[in-house]
Amino acid sequence: MNKELIVLGIESSCDDTSAAVLKGSKVLSNIIASQAIHKEYGGVVPELASRAHQQNIIPVIDTAIKNAKVKKSDIDIIAYTKGPGLLGSLLVGSSFAKSFSFSLNKPLVSVNHMKAHVLAHFIYEKDKNPPEFPFICLTVSGGHTQIVLVKSFTEMQIIGTTLDDAAGEAFDKSAKVLGLEYPGGPLIDKYSKSGNINAFTFGKPKIKDLDFSFSGLKTSIMNKINSSLMSNPNFIEENLNDLCASIQHSIIQILLDKVEKAIIKTKVNRIAIAGGVSANSYLRKQLQLLGQKLNFEVHIPKFEYCTDNAAMIAMAGAIKYEYGNNSYKDYSEQASARLSF
Ligand code: KG4
Ligand code: ZN
């Protein structure tokens, strides 16, 4: 890995506008502008997200370059999120990246957002080693839930995926039923801290192999809450912490059961977690405990590299630039909402 390579990363796949500058694998700056506007709608509104990206993109990139204390001409490559994500949002970041690359005459590298979540593990962190190959990465975000077998920087294979909702969606939809703001995952995490995980039990999915399903759990949670509200209109307020803890425990248990299965199936005993849900404190703790019990290595990224961020896009861009064999000035390459892995 070229330790001197200066990379500008640009992320705009959903509702965070982010820009980062890396030197090799070291983060010089990582700026994230989150869009509060979606809170009042209970979810991301694509049209509003694109508009907010348009407002934010120049100030965010300007701040990232200034905070990194580099000049524009010092930037060696420009990496941007090609997909998957919301098309209108992706178009803002990708169009900016192309123009910037064109004006500076520097290579342009397109990045797959889901691979970037995995490759966030290679961002330099003091006193921490990245996972050795092969490792298994549980990538859990608002849009995806995947178990990925990572054989090398360029060889990744999805060995398990969700058949319906993503784990983050399960958190956010449950939170909505509880009357909590979007995104509900961090709030469920917070309220769970003083709740009882065994207060309520919800239906457990029976999905074969390494695949997931969360829609049945959502129905089970909704049924429990609706029937309880009929006899006690204050049911949610009176039981909020216990409800959150029980819901969180159910979602995380589904994930951990599959991690255990993946280790048995692949015989790979190094597990990494990535994506927004990997910021969940209960998942982080329970995975460590399971690792100690079953004797597997656990890799958990810093909070700021779990949720959407441009540092991971810059890292993935640097890796693709060094290990791939692509053309790096393809200005006709299109952003893709459903970019495959
Ligand atoms: O990776 P990410 O930032 O964006 C996507 O690519 O989707 O993930 C966002 C998801 C949301 O569903 C959010 O509720 C969830 O990550 N999330 C959490 C926590 N922090 C973020 N879920 C549970 N506990 C958390 N602490
Ligand atoms: Zn993401």
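Atoms within each ligand, like the ligands themselves, are counted from 1 in listed order. Source: prediction; values computed, not measured.
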With sequence neighbours left out, write down each residue that passes side chain to side chain donor-acceptor pair (under 3.5 Å) with His144, or none if nothing qualifies.
none
Within ligand 1, which atoms have a heavy atom of [X] less than 4.0 Å away?
{"X": "Ala279", "answer": "20 (N), 26 (N)"}
{"X": "Ser141", "answer": "1 (O), 5 (C), 6 (O), 7 (O), 8 (O)"}
{"X": "Gly168", "answer": "12 (O)"}
{"X": "Pro183", "answer": "14 (O)"}
{"X": "His113", "answer": "6 (O)"}

Is NZ or CZ of Arg270 both nearer than 6.0 Å to the six-membered ring centre of Phe133 and within 45° of the ring axis?
no
Please say which of Ile188, Asp172, Thr307 ends up in a side-chain contact (heavy atoms from CB on, under 4.5 Å) with Pro183.
Asp172
Are the aromatic rings of Tyr182 and Tyr41 close, with centres under 6.0 Å apart?
no
Would you check if the distance from the ring center of Phe122 to the ring center of Phe153 is below 6.0 Å?
yes
In the protein, which heavy atom is nearest to [atom], and how far is it?
{"atom": "atom 10 (C) of ligand 1", "answer": "Gly142 N, 3.5 Å"}
{"atom": "atom 26 (N) of ligand 1", "answer": "Asp189 OD2, 2.9 Å"}
{"atom": "atom 14 (O) of ligand 1", "answer": "Asp172 OD1, 2.6 Å"}
{"atom": "atom 21 (C) of ligand 1", "answer": "Gly276 O, 3.3 Å"}
{"atom": "atom 4 (O) of ligand 1", "answer": "Asp308 OD2, 3.0 Å"}
{"atom": "atom 22 (N) of ligand 1", "answer": "Gly185 CA, 3.4 Å"}

Report yes if the side chains of Glu169 and Phe214 come closer than 4.5 Å at any heavy-atom pair, otherwise no.
no
Is it the case that the side chains of [Y] and [X] hold a donor-acceptor pair, with the cut-off being a distance below 3.5 Å and no angle test?
{"X": "Glu11", "Y": "Thr81", "value": "yes"}
{"X": "His53", "Y": "Thr17", "value": "yes"}
{"X": "Glu297", "Y": "His299", "value": "yes"}

Quick check on Gln334: does its CD atom have over 12 non-hydrogen neighbours (other residues, nucleotides or ligands) under 6.0 Å away?
no
Asn295 atom CG: more than 12 heavy-atom contacts under 6.0 Å:
no
Can [X] be said to touch ligand 1, with heavy atoms closer than 4.0 Å?
{"X": "His117", "value": "yes"}
{"X": "His144", "value": "no"}
{"X": "Gly143", "value": "yes"}

Is the shortest N/O to N/O distance between Asn280 and ligand 1 below 3.5 Å?
yes
Does an N or O from Asp16, backbone or side chain, lie closer than 3.5 Å to an N or O of ligand 1?
no
ring-ring contact (aromatic ring centres under 6.0 Å, His included), that's the test. Do Phe200 and Phe235 meet it? Break it down for me.
CA-CA 13 Å; Phe200 303 99; Phe235 174 72; 5.7 Å; yes
Asp257/Lys204 salt bridge by N-O under 4.0 Å criterion:
yes
Note on the Zn ion (ligand 2): protein N/O/S atoms within less than 2.8 Å are His113 NE2, His117 NE2, Asp308 OD1
If two hydrophobic side chains count as joined below 4.5 Å and joins carry through other members, does Ile61 share a cluster with Phe102?
yes
